[in-house]
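Encoded as structure tokens, the structure appears first; notes follow it.
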Amino acid sequence: MNLKPLALFVKHDGMSSRASITCQYKCGHACAHDVPNNSNGEYFGDIVKSAMTRRGMLRGSAATVLAVGAGSVLAACGNETATAATGSVDSGSAGSATGSTAPGTVFSPVAPNKQDALVVPDGYEQGVVIRWGDPMFEDAPAFDFDNQTSAAAERQFAFNNDFAALLPVEGQPNAYLLVASNEYTTEPFMFRGYDPENPTEEQVKIGWANHGLSVVQVQGEAGSGRLTPQFGQYNRRITARTEFAVTGPAAGSDLLETSADPTGTRVLGTIANCSGGLTPWGTVLSGEENFNSYFANGEQVTDPTAAARLKRYGVEGAASERKWERFDSRFDVAAEPNEVNRFGWVVEIDPWDASSTPVKHTAMGRFKHEAATVYITGDGTVVSYSGDDERFDYMYKFVSSRKMQPGNSRAAMRHNMTLLDAGTLYVAKLTGDDPAAIDGSGKLPASGAFAGTGQWIPLLRTGEDGRGESLVDGMTAEEVAVFTRLAGDKVGATKMDRPEDFEPNPHTGKVYVALTNNTKRGVDGKAAADTANPRNNNKNGQVLEIDDQHAGTSFTWNLLLVCGDPATADTYFGGFDKSKVSPISCPDNLAFDPHGNLWISTDGNALKSNDGLFSVVLEGDRRGETKQFLTVPIGAETCGPIVDEKRVIVCVQHPGETDDASIETPASHWPDGGSSQPRPSVVAVWKSGGGRIGV
């Protein structure tokens, strides 16, 4: 069966390089719908300057933590008439491996391209670690595209990998746990003859099995960065049917009660798991992001308060895209109005115990969590950062009132898995140093920087007994936890350009935020450009650098990058010579290498070339130097980067998803080649003959 003709797909504004079918199944065509945030909250021009901040130092337990990556979500919005930035800059000179090139970035940059391949620098090799459908258990069958079953899928590596984390296995040299989130399914590319209006029950169950997270033990290879999956004791699949415990102030709330769970404390499954974070105590956090598109019949809700809450979270319309509600009524908000409130949380799993019950942390608020990344202050205070990946939505942090216990004993683990259940949830409010200089064009202020100050506004305090205290007038603690976006609206939080991944720098303590894009900025009466979001109709995004007090409430900030074609006037690369950088568009996930360089993966490149992974120097006279390390195959998105001494790992999500492709006429045959169907996969890249990455 061929897919719908292209003309029938919804066109998202700006026409990004992301296919309409990807938008359809990943985020429910978020950018084709009205912006959910129609509040009158303040933005830069209305806000009084806040106080200065200071730095902190990251302190973690190296015994369990090796590396983490990140993931993506909504539709990127580029301009169809834009040209590929392949000849506009001297990409060959972008930090060539000579002179004072920063350690970790010594490689020849990959040029922008449209190849159906994962392209890496000269002198580097690559290998697939694991693909969609690969067996994870000895009793799992080999993958058979034309004979899939839900029973098999529950024992195989799941679809559309996003976030990745790599944890060393104690006492087993060169052995690791690879944890990957499996964000969403694209059924027309999974099933031959798929009818979107009438999916079968087995196809739906296969979809349930392909959501969630996959934990698989992998073995390293001496002299290279290659990783090979093993049938290890820790291997585990977490799916849309796995039971989760609910903790924090919304646990047991009337807002979470359903006919299947009248206690409001046990949730079946996790979905839309985008990026995440690796905790210093050895667990994995995952953000439930575009959960709204899985729920049907929002238009049937007539109660004004309930309808407004659903609309603020993007739950609207009749049937859902996948029609899950036909086989499980909990996905029908008309039948089960509270089930949707049980998604949109930060979840935590213990990868070291395959029988453990994962947790949904309600003290951290409910919104479209791109990720949750942890910073430990000098006195052991735990701080977690998270962005709400929606146009004009907010940035948050949670500061725990509990201290981390060191060590990897089960007692320490049990305690540390409660760290995110007590503390204070904040939302960010920013102001620019020179707001009058911002005209929406992206022009750099006369000061030479996009910079300012900010405050963290408290929303919710959760006590040691798990009970919440609302810090927002007119809302109960349970309402703040469940409808956190509305709380942010009330306190006038700053409307941002799709805040996605947050990552603290382990060397400096500064915090970085990927702001992917926002083509509604300054359009149709929406909030105009401000100092942190300096372009109207923002197609290419920017990267924010925050110098935070971490456990405090004040910070300073600046824009590290204003992304796009370096040949255009509306781009900025930390002050570095723009003729010597790689073009970059739509930053999504962030990671750090051992040298303290920032690495950025992109999603929806609006410059008409494949998405990729880029290194960015943060310190010294080469600050802002941006170099493309790899590109992913046609139709794919770069997710979950991990950069350590010996390897780079990326998750290649939705390869071959283009609007003119189908199972009969694939746009990609990656990674298996020949006439094969494309398969989302995790890939490792290493230096030929061994050696350190970028050195």
Side-chain angles (χ1 to χ4, degrees), residues 58-71 163-181 212-220 227 230 232-238 242 244-245 247 270 273 275-287 346-361 364 371-377 380-386 398 400 402-423 502-504 506 591-592 594 640 642-645 647 649 682:
L58 176 67
R59 188 181 73 179
S61 173
T64 55
V65 178
L66 177 66
V68 294
F163 171 77
L166 196 65
L167 300 86
V169 179
E170 187 175 0
Q172 298 185 37
N174 222 6
Y176 310 90
L177 297 190
L178 173 67
V179 184
S181 67
L213 297 105
S214 300
V215 181
V216 58
Q217 188 166 330
V218 294
Q219 184 66 40
L227 296 169
Q230 308 289 307
Q233 62 175 312
Y234 303 109
N235 288 14
R236 184 181 188 184
R237 282 298 330 286
I238 293 172
T242 301
F244 281 71
T247 63
T270 185
N273 298 82
S275 191
L278 182 59
T279 71
W281 50 93
T283 63
V284 172
L285 305 177
S286 179
V346 170
V347 305
E348 183 172 10
I349 69 165
D350 178 1
W352 304 104
D353 182 358
S355 65
S356 60
T357 300
V359 171
K360 297 198 177 191
H361 291 291
M364 302 177 74
T373 53
V374 170
Y375 183 95
I376 309 295
T377 69
T381 298
V382 175
V383 184
S384 178
Y385 295 90
S386 194
F398 177 81
S400 178
R402 297 170 178 168
K403 308 294 186 184
M404 187 184 80
Q405 288 186 5
N408 56 5
S409 67
R410 296 312 301 173
M413 180 70 79
R414 284 192 295 272
H415 167 80
N416 291 335
M417 284 193 70
T418 72
L419 292 172
L420 302 178
D421 293 332
F502 266 85
E503 289 290 337
F592 286 92
I642 298 172
V643 185
D644 63 28
E645 291 279 2
R647 65 176 63 83
I649 293 175
V682 181

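Numbers here are sequence positions counted from 1.
Evaluation of the ring pair (Phe, Tyr, Trp, His ring centres under 6.0 Å) rule for Tyr385 yields Phe502 as partners, not counting sequence neighbours. Considering only residues two or more places apart in sequence or on other chains, Phe244 meets the ring pair (Phe, Tyr, Trp, His ring centres under 6.0 Å) condition with none of them. Every residue two or more places apart in sequence or in another chain that forms a side-chain contact (heavy atoms from CB on, under 4.5 Å) with Ser409 is listed here: Ala411, Ala412. Annotation: side-chain hydrogen bond (donor to acceptor under 3.5 Å, both in side chains) contacts of Asn235 (sequence neighbours excluded): none. Every residue two or more places apart in sequence or in another chain was checked for a side-chain hydrogen bond (donor to acceptor under 3.5 Å, both in side chains) with Thr242, and none qualifies.
The shortest side-chain heavy-atom distance between Trp352 and Asn408 does not fall under the 4.5 Å cut-off. Under the 4.5 Å side-chain criterion, counting only non-hydrogen atoms from C-beta, Val382 is in contact with Trp281. Counting only heavy atoms from C-beta outward, the side chains of Thr381 and Ile376 never approach each other to under 4.5 Å. Looking at heavy atoms from C-beta onward, Val359 lies out of side-chain contact with Leu420 at the 4.5 angstrom threshold. A 4.5 Å side-chain heavy-atom check between Glu503 and Ser275 finds every atom pair outside the cut-off. Counting heavy atoms from C-beta outward, Leu167 and Pro351 have side chains that approach closer than 4.5 Å. At least one side-chain heavy atom of Val215 sits under 4.5 Å from a side-chain heavy atom of Ile349. Residues Met413 and Asp353 are not in side-chain contact: their nearest non-hydrogen atoms beyond the backbone lie 4.5 Å or more apart.
Residues His361 and Glu348 come closest through the heavy atom pair NE2-OE1, 2.7 Å. Residue Leu178 comes nearest to Ala164 through the heavy atom pair CD1-CB, 4.4 Å, listed as atom of the first residue, atom of the second, then distance. Shown here for Tyr375 and Pro504, the closest heavy-atom pair between the two residues is CD1-CB, 3.6 Å. Considering every non-hydrogen atom in both Arg236 and Pro358, the closest pair reads NH2-CD, 3.8 Å. The shortest heavy-atom contact between Gln219 and Pro173 is NE2-O, 3.2 Å. Minimum interatomic distance between Met364 and Ser384 (heavy atoms only, all atoms of both residues): CE-OG, 3.3 Å.
With values rounded to the nearest 0.5 angstrom, Leu213 atom CG is found 5.5 Å from Ile238 atom CD1. Separating the CG atom in Leu419 from the OG1 atom in Thr279 is a distance of 8.5 Å, to the nearest 0.5 Å. In this structure, NZ on Lys360 lies 5.0 Å from OG1 on Thr270, to the nearest 0.5 angstrom. From Leu166, atom CG reaches atom CD1 of Ile642 across 5.0 Å, with rounding to the nearest 0.5 Å. Taken to the nearest 0.5 Å, the CG atom of Asp644 stands 7.0 Å off from the OH atom of Tyr176. Within the model, atoms CD of Gln230 and CG of Leu177 stand 11.5 Å from one another, a figure rounded to the nearest 0.5 Å.
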Could you check Phe398 against Val346 for side-chain contact (heavy atoms from CB on, under 4.5 Å), going step by step and ending with a plain yes or no?
-> CA-CA 11 Å; Phe398 177 81; Val346 170; over 6 Å; no
I would like to know whether Arg410 and Asp350 meet salt bridge (Lys or Arg N to Asp or Glu O under 4.0 Å); could you show each step before the answer?
-> CA-CA 11 Å; Arg410 296 312 301 173; Asp350 178 1; 2.7 Å; yes
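Here side-chain hydrogen bond (donor to acceptor under 3.5 Å, both in side chains) pairs that include residues 411-420, with residues two or more places apart or in two chains, are Arg402-Thr418.
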